[in-house]
Every structure is written in structure tokens, then in C-alpha cells.
Protein chains: 2
Amino acid sequence: MRQMKIDATDRKILKLLTENGRMSYVDIAKELGLSRVAIRERINQLMEEGVIEKFSVVINSDKVGKKVSAFFEVDCEPTSLVKVAETLVENPKVASCYQMTGPSTLHMHVLVEDFDELEHFINEELYALQGITRVESHILLRRFKSRSGLNL
Amino acid sequence: MRQMKIDATDRKILKLLTENGRMSYVDIAKELGLSRVAIRERINQLMEEGVIEKFSVVINSDKVGKKVSAFFEVDCEPTSLVKVAETLVENPKVASCYQMTGPSTLHMHVLVEDFDELEHFINEELYALQGITRVESHILLRRFKSRSGLNL
DNA sequence: GTTGAAATGCTGTGTAC
DNA sequence: GTACACAGCATTTCAAC
């Protein structure tokens, strides 16, 4: 992956868009003391380069009924790891899945409606997979901070 | 927190906005076979209720120079936990910080430029805090899936 | 990088059904 | 919930600097 040349202005644009993805070019231009056209071109370039992956919306998962957040550390037999990961990724309950260093190679974040659904996920969907040697699970109690943007 | 009555249409709107936060009311209306006004009112209500927290932009952290992603499990003395969490939350390198069940109560995701910055974070900013009894760290090797939206 | 102008399209609002 | 209309903006694209 090629390193992009992101300058201070780009970072300011990204910061403003993180806070308000609907902010208009004109308002960004005013904020940064540049012209609308310059802002538009920078944003387009940031999108082309893949720095901006997409415009989106931040949803409060509690309020759409996903009351239970769980994190899993999953150890796999080395030869099964990719297959296990790819299966988990297909599961819509799995919000994220990372390969990490350390004894527990796969880290996974799961969102479900309730504990019944969590129990079903663990027993029917997770433990059913071949090649898993150990699972450690944690339930989320409190969010102190949640992906509130990068340090730009 | 009051449970909202989110219906199937709301979920479809949220899904579309997750994929493209800039999608116009008109296009959403066409997609769902409703009127423009109906879509606008639903989105406004979703924002008022806090279901939609904000419109934002998804940034590829690698491409803005955050090459290293690390996860920490931090055990604290019970009386220090909230203070430790609140201090960490103030740190811009900390992307998220959760209190979990299980032996490691605080889980934390940190984004930094490189290993020098990570080392500095660990030694100067994390280990310097009072009340921490154990830290386990993991470095991200590979993203199989990354918060690609809720299962709506 | 800037400004200006014109065409187009979307939003916000109100009205009526 | 729908349909329509109107004003106010924002975006897009052009040209010129």
C-alpha cells in the first residue's frame, strides 16, 4: 500500500467530516479559509486514494435492539485460522474480527439482541467450527470511549 | 434508556445510510418506495431519538499514517478503575475503551503511527497510571472484518 | 491555488389530501 | 402516510485568472 501525502489541511477536512459527514463544501471552506472548489477536489482525491472509505452514519447499537456486546478471544490450530476467520466474517452478528499477536490469535466483537442469542451464537455458531482450541469470552459492561474518531 | 420502536423501514433506511451516508432523501425514497417527506421525517426522528448519533466518514487508518493498532487488557484495582478509564479516554491515541467482565476489566484499542509511539504510549502514558495491576497487549496483524455495520 | 456564473438537483417548509 | 409547489442552498461544471 502506497503512502499518501496527507497534509494538515487534509487532516482538518477529515476531522470536520468525522464530526459531521454532511457538512457542506462551502462550510468546510469557510472553516478552513479555502475555496469550495479546493475543498471539493481534496475530498474527491481523498476518496479516490481510499483515505475516505465511505460516508456513513453512526448508529447507537443499543437503540436498535443490540443490547449485548461480547468480545471473544479465539485460539485456533494454525492451519484452521484463516478458514475459521472467514466463516466468522460471514456471520452478521460478528462486527469485527482481527488476527492478533499473543496467545489468542483471533479477536472478535459480536453484537446480539440478548443473552439467548448470545448463547445460540456461542454454542451453535462458534463452537461448531472445526479447528478452534480455546475460547475466552467477555461481556461489555460499560463504554468509556467508542471509536470516536482518529487522532488526526 | 427507552426502547424505540424501530420498524423494518427504519432498518432499511439505516442500512442504506450506513453504506452511503450522503444518499439523498429522494434516492432513499425511490429505493424503498416511499415519499421523500416520509424519509425525511423518519431520519429526523431517528436523529432526535439518538438512534443515529451522527453522520460521519469512515477513514482508512493505515492511510493517514496510523500503521500500528494495538489492543490492551488492563486490570485495575477496583477503586481505581473509573479514574484509570477516564484518564485513558482523554488520550487521543485511545480509540476505544470498554469495561468488560472477566479477569481483565478494561479493554482498550490504541492507534499509533509506529512502534516508537507505541512504546512511548505503554511506558509513559499507560504504565504511569496509578492502580493498574496487570497489562496484556496484543498487536493487530490482520483485519478480517472491521465494524462493517450492524446486522440490521 | 482563486473567483464568478449558470444549470441542475436536493432540502426545508408549508399546504392539501 | 402521499402529492405538489416554492424558496433557498449546495453541487457540478464551465471559464478565466
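Each chain gets a letter, A, B and so on, in the order its sequence line appears, and its residues count up from 1. Both backbone and side-chain heavy atoms feed into the values below; hydrogens, waters and symmetry mates do not. All of these numbers come straight from a predicted model, not from anything done at the bench.
- Distance A:Asp10 CG to C:dG1 C1': 14 Å, rounded to the nearest Å.
- Results of the side-chain hydrogen bond (donor to acceptor under 3.5 Å, both in side chains) test with A:Lys93 over A:Glu113, A:Glu125, A:His109 single out A:Glu125 as the only residue that passes.
- In the hydrophobic clustering of ILVMFWY residues, with side-chain heavy atoms under 4.5 Å counting as a link, A:Val94 and A:Val82 come out together.
- For the segment residues 18-34 of chain A, the set of residues with a heavy atom within less than 4.0 Å of an atom of DNA chain D comprises A:Ser24, A:Tyr25, A:Val26, in numerical order.
- With a 4.5 Å cut-off on side-chain heavy atoms, A:Glu49 and B:Lys63 do not count as touching.
- A:Lys12 NZ: 12 or fewer foreign heavy atoms inside a 6.0 Å radius.
- A:Arg42 has a side-chain polar atom (N or O) that falls below the 4.0 Å cut-off from OP1 or OP2 of C:dG1.
- Atom CZ in B:Arg36 sits roughly 12 Å away from atom P in D:dT2 (whole-Å rounding).
- The aromatic ring centres of B:Phe72 and B:Phe121 sit less than 6.0 Å apart.
- With A:Cys97 as the fixed residue, the side-chain contact (heavy atoms from CB on, under 4.5 Å) test singles out one of A:Val84, A:Val89, A:Asn91: A:Val89.
- Here the C1' atom of nucleotide D:dA10 and the CZ atom of B:Phe55 are 16 Å apart, to the nearest Å.
- Following rounding to the nearest Å, A:Arg40 (CZ) and C:dT3 (P) show an atom-to-atom distance of 16 Å.
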